[in-house]
Amino acid sequence: MTRPLRKLGFLTIGLFDPDHPRAGHEATLRLIELGEQLGLDSAWLRHRHLQHGISSPVAVLAAATQRTSRIELGTAVTPLGLENPFRLAEDLATVDVLSGGRLNPGVSVGPPIHWDHLRDHLYPTTWQHEDFSKARVERLLHNLSGGAVSTFEGTEGIETYSTRIQPYSPGLRERVWYGAASASSAAWAGSAGMNLLTSSVLDAGDAERPDFAALQREQIELFRAAHPAGQAARVSQGLVVIPTDGATPDQVARYEAYAAARLPRTAAPVAAGPRRMLFAPDLVGPAEQLAERLSAHAGFQAVDEVAFALPFTFDEPDYVQILTDLATRLGPLLGWEPARPSA
């Protein structure tokens, strides 16, 4: 049985022209502002390192805190292999304070993409010893919880030192999400008391003919079974969903072509190193059709929060149309109500 949709958000990578990067970043900020105006609950930015997409979502979200007042702001996800959990905790806490407690950091672990090509520059003297396990997440959670990171506390001259990360932002640790692709990662995130981000790509494991929706549902159930909050544990689903109600014929054609070009990868798991990754089909069509397809989706049936991903290669007018249709057409059909403006 489908849960009524409680929170509706969106995810973008924030493409930009490498010769004129400011325009793309500004366009992303305008989308976040539009999301708030439409009553959407959250806006999420995905990291794109060494690409022409946002490489520093935390910095962009700091700007977004000053241009919005209500919408939640998240990262989906920050790959911790490129981060120092001490410094990242300082940045996240600072942005959370600036936002008034609206930040939702999403993280993942593992070696950075193209590790062999960048390790000597990223960690020139320590790359052989870097730990890319979930211990890196645990360090970040410890830091955001206000745990001690130094053995010194006191005053030297006019400077006062704390043992914990500053600023400390109460409640931020409870708003950390884990981007899990495998069953074991989903269960671990639950046991760690985190929130779960599940997207349009999952680790198929050993399943010979895996069904994406069933696999996603299984991982959600494993997460909640391991979580102290049980069925109340927060899960957000992030499929690519493109309503076409307000689209022009040209937009519809481009959206359908985009989805069709990506459809072959959904037929069977794709090898990615030792893993077999399974992709979900992109959903394109009128809101009524999308609502029917989502309501029949086993993964969607288990969540009451979503952050639908915007297609990667479209223009700002396309994203405006998609967000507008999400908020005014599809969301209400899923039982969602737009958030009211903050007082």
Side-chain angles (χ1 to χ4, degrees), residues 9-35 42-68 73-84 87-88 91-92 95 105-108 110-123 179 181 197 199-201 238-242 250-251 253-265 270 272-273 277 279-280 282 284 307-323:
F10 71 95
L11 165 68
T12 181
I13 66 171
L15 287 178
F16 58 83
D17 180 339
D19 294 324
H20 305 282
R22 179 177 178 177
H25 286 74
E26 285 289 338
T28 296
L29 289 169
R30 286 194 295 271
L31 282 182
I32 296 173
E33 290 180 281
L34 175 63
S42 61
W44 302 74
L45 302 183
R46 180 174 289 171
H47 279 261
R48 276 294 182 266
H49 292 295
L50 302 180
Q51 299 180 50
H52 305 138
I54 291 174
S55 62
S56 182
V58 179
V60 176
L61 293 178
T65 67
Q66 306 305 293
R67 296 165 68 154
T68 59
L73 306 168
T75 63
V77 288
T78 299
L80 292 184
L82 290 137
E83 304 285 347
N84 180 304
R87 280 289 302 117
L88 180 60
D91 288 345
L92 294 174
V95 175
V107 301
S108 66
I113 295 175
H114 300 144
W115 169 240
D116 291 343
H117 297 278
L118 58 81
R119 66 189 186 188
D120 290 324
H121 190 81
L122 180 64
Y123 299 116
L197 287 169
S199 69
S200 58
V201 57
L239 303 177
V240 177
V241 178
I242 310 173
D250 173 70
Q251 287 176 315
R254 286 189 286 109
Y255 299 165
E256 291 178 344
Y258 175 87
R262 286 156 49 98
L263 186 61
R265 68 178 188 167
V270 177
M277 307 309 293
F279 292 83
D282 301 333
V284 181
F308 292 142
L310 295 176
F312 290 172
T313 58
F314 295 162
D315 297 323
E316 186 176 0
D318 302 324
Y319 296 141
V320 169
Q321 176 266 312
I322 293 170
L323 289 189

- Query: If you measure from CD1 on I113 to CD on Q51, what distance do you get to the nearest 0.5 Å?
  - Reply: 7.0 Å
- Measure the NE2-CG distance between H117 and L50 for me, rounded to the nearest 0.5 Å. 11.5 Å
- Message: What's the separation between atom NE2 in H114 and atom CG in L122, rounded to the nearest 0.5 Å?
- Response: 14.5 Å
- Message: Apply side-chain contact (heavy atoms from CB on, under 4.5 Å) to residues L61 and I32 and explain how you reach the verdict.
- Response: CA-CA 9 Å; L61 293 178; I32 296 173; 4.3 Å; yes
- Heavy-atom nearest pair, H47 first then P57, reads CE1-CD, 3.2 Å
- Item | side-chain contact (heavy atoms from CB on, under 4.5 Å) assessment of L31 paired with V320 | CA-CA 7 Å; L31 282 182; V320 169; 4.3 Å; yes
- Considering residues, nucleotides and ligands other than L263, do more than 12 of their heavy atoms fall under 6.0 Å from its CG? yes
- Item | 4.5 Å side-chain heavy-atom contact, Y319 and L34 | no
- Message: Measuring from atom CZ of R254 to atom CD1 of I242, what distance do you get when rounded to the nearest 0.5 angstrom?
- Response: 10.5 Å
- Message: By the definition side-chain contact (heavy atoms from CB on, under 4.5 Å), identify the one residue from T75, L73, L197 that meets it with W44.
- Response: L197
- Note on the structure: Nearest heavy-atom contact between T28 and G14 is OG1-CA, 3.3 Å
- Item | Candidate pair L11 and R46, rule side-chain contact (heavy atoms from CB on, under 4.5 Å), full reasoning | CA-CA 7 Å; L11 165 68; R46 180 174 289 171; 2.9 Å; yes
- Query: Does F314 have its ring centroid less than 6.0 Å away from the ring centroid of Y258?
  - Reply: yes
- Taking every non-hydrogen atom, the tightest pair across S199 and L239: O-CD2, 4.1 Å
- Query: When rounded to the nearest 0.5 angstrom, what is the spacing between CD in E26 and CD in E33?
  - Reply: 8.5 Å
- For the student: nearest non-hydrogen atoms of R265 and V270, plus distance: O-CG2, 3.9 Å
- If only atom types and distance count, is the side chain of T78 paired as donor or acceptor with the main-chain N or O of L80 below 3.5 Å? no
- Message: If you apply the rule side-chain contact (heavy atoms from CB on, under 4.5 Å), what do you find for L310 with D318, and how did you get there?
- Response: CA-CA 10 Å; L310 295 176; D318 302 324; over 6 Å; no
- Is it the case that Y123 and R119 place a side-chain donor and acceptor less than 3.5 Å from each other? no
- Query: To the nearest 0.5 Å, how far apart are NE2 in H49 and CD1 in I54?
  - Reply: 11.5 Å
- Query: Under a 4.5 Å cut-off applied to non-hydrogen side-chain atoms, are V107 and E83 in contact?
  - Reply: no
- Note on the structure: Heavy atoms of A309 and G238 approach each other most closely as CB-O, 4.4 Å
- Query: Do the side chain of D17 and the main chain of D19 share a donor and acceptor less than 3.5 angstrom apart?
  - Reply: yes
- Message: Show the nearest heavy-atom pair for residues L92 and P105, with the distance to one decimal.
- Response: CD1-CB, 3.9 Å
